[in-house]
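Before any comments, here is the structure.
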Amino acid sequence: MKVSEYVGFDAVGLAQLVADGEVTPAELEAAARAAAEAVNPRINAIVETWRTDDEPSPGSTPLAGVPFLIKDLGVSMAGRRTELGSRLAAGNVARADSSLMRRFRRAGLVTFGRTATPEMAYSITTEPVLYGATRNPWDLERSAGGSSGGAGAAVAAGVVPIAHATDAAGSIRVPAAYNGLFGLKPTRGRVSVGPGIDEIFNGLGVQGSVSRTVRDSAVLLDQIQGPEPGDPYFAQQPSRPYAEEVTRHPGSLRIGVLTQAWGGRRTAPPVADALSRTARLLESLGHQVTEADVGLGVDWEEFVLANALLWTANLTASVDELAAASNRPVDSSTLEPVILASYHYGQRVTGAQFVTALAVRNRVARSLARYFDAYDMLLTPTLPELPVPLGTYAEGAEALDGLGWLDRILDRSPFTAVFNVAGTPAMSVPVTADTGTGLPIGLQFAAGYGFEGSLFRLAGQLEQASPWAGRTPTVWAGNHTGD
């Protein structure tokens, strides 16, 4: 299969070709490898590839035979490196598949590589020292987002139609917005993160994907959702497959709109304009769209502090475990400055402070839950600005402590982390683009706990009303001439 043909299909479409006998999984993998070779030298999204030994049965699942990439964090594949974008974990090889990896295999996905992440997934831009910056395929001087920036750039550039991603403060939705993709953060407890992790940042982190089409994300979530024995969180099972929700009419929804963020950073004019245009589109589709005033139950400074306490305490425990396993020191030779500063901040977090931060998490969850009685969904910008130039987050970062770094992250991405803290599902949809630069703009929709089905129904409607499949970035595997 030629690369120019390969990029014209989403994951479900490729799997159907395999099921019909028109192409083999090996031929799809070869096309994906050729796509990677064509674009990765420019975007630096993939840190390693390997020859696969998976032989999925054609037609056995809706994704059987589809090439796939996993993130360098949050999932373990037996015999393959998991380095978390960090010199501290360099060379770390997983002894066994994690439960999520086993589900990817059962889904028939052919995993042939891993994508870049910032160190410890501790940023919303992917610029680690270990492997270097991942570049946005729409503009190589701009960030691809994070922490699933490698996944976002690889999917946007056409290497694979869908890739694994994680999200603890926006790490699915930010790269989706920056790269013009669809990305849904599932409900807390929807997808097991065990057994090696159990909780990612005390329930703030979840597993998912970024994709070019809505149905691909829906079908993959069908394949990987559900608990493992002993999981600390549980989400009620959906009443029907998410794949079916994508084509169902969403009805007339009550949608509350937040233009400005809780933290005070003003939404840039191009993003505010995109939000207004999307609101008008929603009204034309029969939805009730009104301005909303949504409180968090705590002030912004308290919200940021609670996140810093939870994040840094968890980071410190992870770093200590990695240092012991690798027999490496915890210092500037193994950790980047902001991660080292956050590690030391986490060392000083007391048990009482940690419990107080968990109480803030719960207050935010209860406060937001009340608004989903008045609204079926909340609509915000995914991010208040266009993709930032590479290096933006690093400016003056060496002077920041753990609280200062979290404050910077949440200031730049004030709309996304709230729904991680609350545990509710949220998605970034590439409804439109900046009229001046052509850069993609993501709009975030959030729903109540367990209501991914409602989000998929609306996303499917928006994909039909304002298609984005025809938009391709400057760096696009389909332009590869070496078929």
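Small disclaimer: the values here were computed from a predicted structure and weren't measured.
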### Query
Taking atom types as modelled, is there a side-chain donor on T213 or E463 under 3.5 Å from an acceptor on the other?
no

### Query
When you measure from the side chain of K71 to the backbone N and O of S209, does any donor-acceptor pair fall under 3.5 Å?
no

### Query
With distance as the sole test, does S413 use its side chain to make a donor-acceptor pair with the main-chain N or O of L410 at under 3.5 Å?
no

### Query
Would a 4.5 Å heavy-atom cut-off, applied to side chains only, mark S192 and R103 as touching?
yes

#### Entry: Side-chain heavy-atom pair V75, T82 within 4.5 angstrom cut-off
no

## Note on the structure
For A154 and I46, the nearest pair of non-hydrogen atoms, with its separation, is CB-CG1, 4.4 Å

#### Entry: Short side-chain donor-acceptor distance under 3.5 Å, R457 and S454
yes

### Query
Does the pair N40 and V159 meet the rule for a side-chain contact (heavy atoms from CB on, under 4.5 Å), with working shown?
CA-CA 9 Å; N40 199 55; V159 177; 6.0 Å; no

### Query
Okay, side chain of R328, backbone of A90: is any donor-acceptor separation there less than 3.5 Å?
yes

### Message
With no hydrogens and no angle check, just 3.5 Å: does a side-chain donor-acceptor pair link Y233 and E199?
### Response
yes

### Message
For the CZ atom on R366, are there more than 12 heavy atoms of other groups (residues, nucleotides or ligands in this structure) within a distance under 6.0 Å?
### Response
no

## Note on the structure
All heavy atoms of M120 vs all of S86, minimum pair found to be CE-OG, 3.6 Å

### Query
With a 3.5 Å cut-off and no angle check, do the side chains of Q16 and E22 form a donor-acceptor pair?
no

### Message
Could you check whether any side-chain N or O of N179 sits under 3.5 Å from a backbone N or O of N136, counting only pairs where one atom can act as donor and the other as acceptor?
### Response
no

### Query
What's the shortest heavy-atom distance between V3 and A31, and which atoms?
CG2-O, 3.7 Å

### Query
Can you find a pair of side-chain heavy atoms, one from P440 and one from P430, that are under 4.5 Å apart?
no

#### Entry: From CG (L383) to CG (L443), nearest 0.5 Å
10.5 Å

### Query
Given side chains that start at C-beta, do those of N307 and F201 come closer than 4.5 Å, heavy atoms only?
no

### Task
Apply side-chain hydrogen bond (donor to acceptor under 3.5 Å, both in side chains) to E127 and S143, showing your working.
CA-CA 8 Å; E127 304 176 45; S143 169; 4.7 Å; no

### Within-4.5 Å side-chain heavy-atom neighbours: P227 and Q237
yes

### Message
If we count only N and O atoms by modelled type, under 3.5 Å, do the side chains of T134 and T126 hold a donor and an acceptor together?
### Response
no

### Parallel, tilted or perpendicular: rings of Y393 and W405 (30°, 60°)
perpendicular

### Query
Are the aromatic ring centres of W311 and Y122 under 6.0 angstrom apart?
yes

### Message
If we ignore hydrogens and angles and just use 3.5 Å, is the side chain of S326 paired with the main-chain N or O of L322 as donor and acceptor?
### Response
yes

### Task
Verify, without hydrogens or angle tests, whether W476 (side chain) and P137 (backbone) share a donor-acceptor contact under 3.5 angstrom.
no

### Query
Roughly how far, to the nearest 0.5 Å, is CG of L253 from CG of L285?
10.0 Å

### Message
For E55, is the CD atom crowded, meaning more than 12 foreign heavy atoms sit under 6.0 Å from it?
### Response
no

### Query
Would E83 and Y131 satisfy side-chain hydrogen bond (donor to acceptor under 3.5 Å, both in side chains), going step by step from the backbone distance to the final call?
CA-CA 10 Å; E83 297 176 307; Y131 287 114; 2.5 Å; yes

#### Entry: Minimal non-hydrogen separation, A133 against L390, with atom names
CB-CD2, 4.2 Å

### Query
How long is the gap from CZ on R190 to OH on Y449, to the nearest 0.5 Å?
8.0 Å

### Message
Please determine whether the number of non-hydrogen atoms from other residues, nucleotides or ligands lying under 6.0 Å from atom CZ of R51 exceeds 12.
### Response
no

### Summary
Closest non-hydrogen atoms of H287 and I255, given as atom of the first, atom of the second and distance, are CB-CD1, 4.0 Å

### Task
Apply the test salt bridge (charged side-chain N to carboxylate O under 4.0 Å, His left out) to residues R33 and E29: give CA-CA distance (whole Å), side-chain angles for both, the deciding distance (0.1 Å), then the verdict.
CA-CA 6 Å; R33 287 182 177 281; E29 183 185 340; 3.1 Å; yes

#### Entry: Side-chain (R173) to main-chain (T416) donor-acceptor, under 3.5 angstrom
yes

#### Entry: Nearest-0.5 Å distance, CG of residue L28 to OH of residue Y6
7.0 Å

### Task
I would like to know whether D72 and R114 meet salt bridge (charged side-chain N to carboxylate O under 4.0 Å, His left out); could you show each step before the answer?
CA-CA 6 Å; D72 187 28; R114 58 191 172 104; 2.8 Å; yes

### Task
Scan R105, R106, R102 and name whichever one has a salt bridge (charged side-chain N to carboxylate O under 4.0 Å, His left out) with D54.
R105

#### Entry: Any donor-acceptor N/O pair, Y343 side chain to G402 backbone, under 3.5 Å
no

### Query
Given the rule in the side-chain contact (heavy atoms from CB on, under 4.5 Å) test, do L368 and V421 qualify, once you have shown the distances and angles that lead to the verdict?
CA-CA 10 Å; L368 276 180; V421 172; over 6 Å; no

### Task
With the side chain counted from C-beta on, respond yes when D167 and N420 share a heavy-atom pair under 4.5 Å apart, and no when they do not.
yes

### Query
Going by distance alone, is a donor N or O of one side chain under 3.5 Å from an acceptor N or O of the other, for Q223 and T61?
no

### Query
So which heavy atom on L14 is nearest to which on M1, and how close?
CD2-SD, 4.4 Å

### Query
Would a 4.5 Å heavy-atom cut-off, applied to side chains only, mark Q464 and Q461 as touching?
no

### Query
Under 4.5 Å between any side-chain heavy atoms of F445 and T278, yes or no?
yes

### Query
Hey, mind stepping through H164 and L69 against side-chain contact (heavy atoms from CB on, under 4.5 Å) and telling me if it holds?
CA-CA 6 Å; H164 167 240; L69 295 167; over 6 Å; no

#### Entry: Verdict with supporting geometry, F451 and T424, side-chain contact (heavy atoms from CB on, under 4.5 Å)
CA-CA 8 Å; F451 280 86; T424 57; over 6 Å; no

### Query
Side chain of R361, backbone of L310: donor and acceptor closer than 3.5 Å?
no

### Main-chain N/O of N44 paired with R135 side-chain donor or acceptor, under 3.5 Å
no

### Query
According to the interplanar angle, ranging from 0 to 90°, do the rings of F456 and Y242 count as parallel (below 30°), tilted (30 to 60°) or perpendicular (above 60°)?
tilted

### Query
Quick one: OG1 on T52 to CZ on F112, what's the gap to the nearest 0.5 Å?
9.0 Å

### Query
Roughly how far apart are L462 CG and L282 CG, rounded to 0.5 Å?
5.5 Å

### Query
How about Y371: does its OH atom have over 12 heavy atoms from other parts shown lying under 6.0 Å from it?
yes

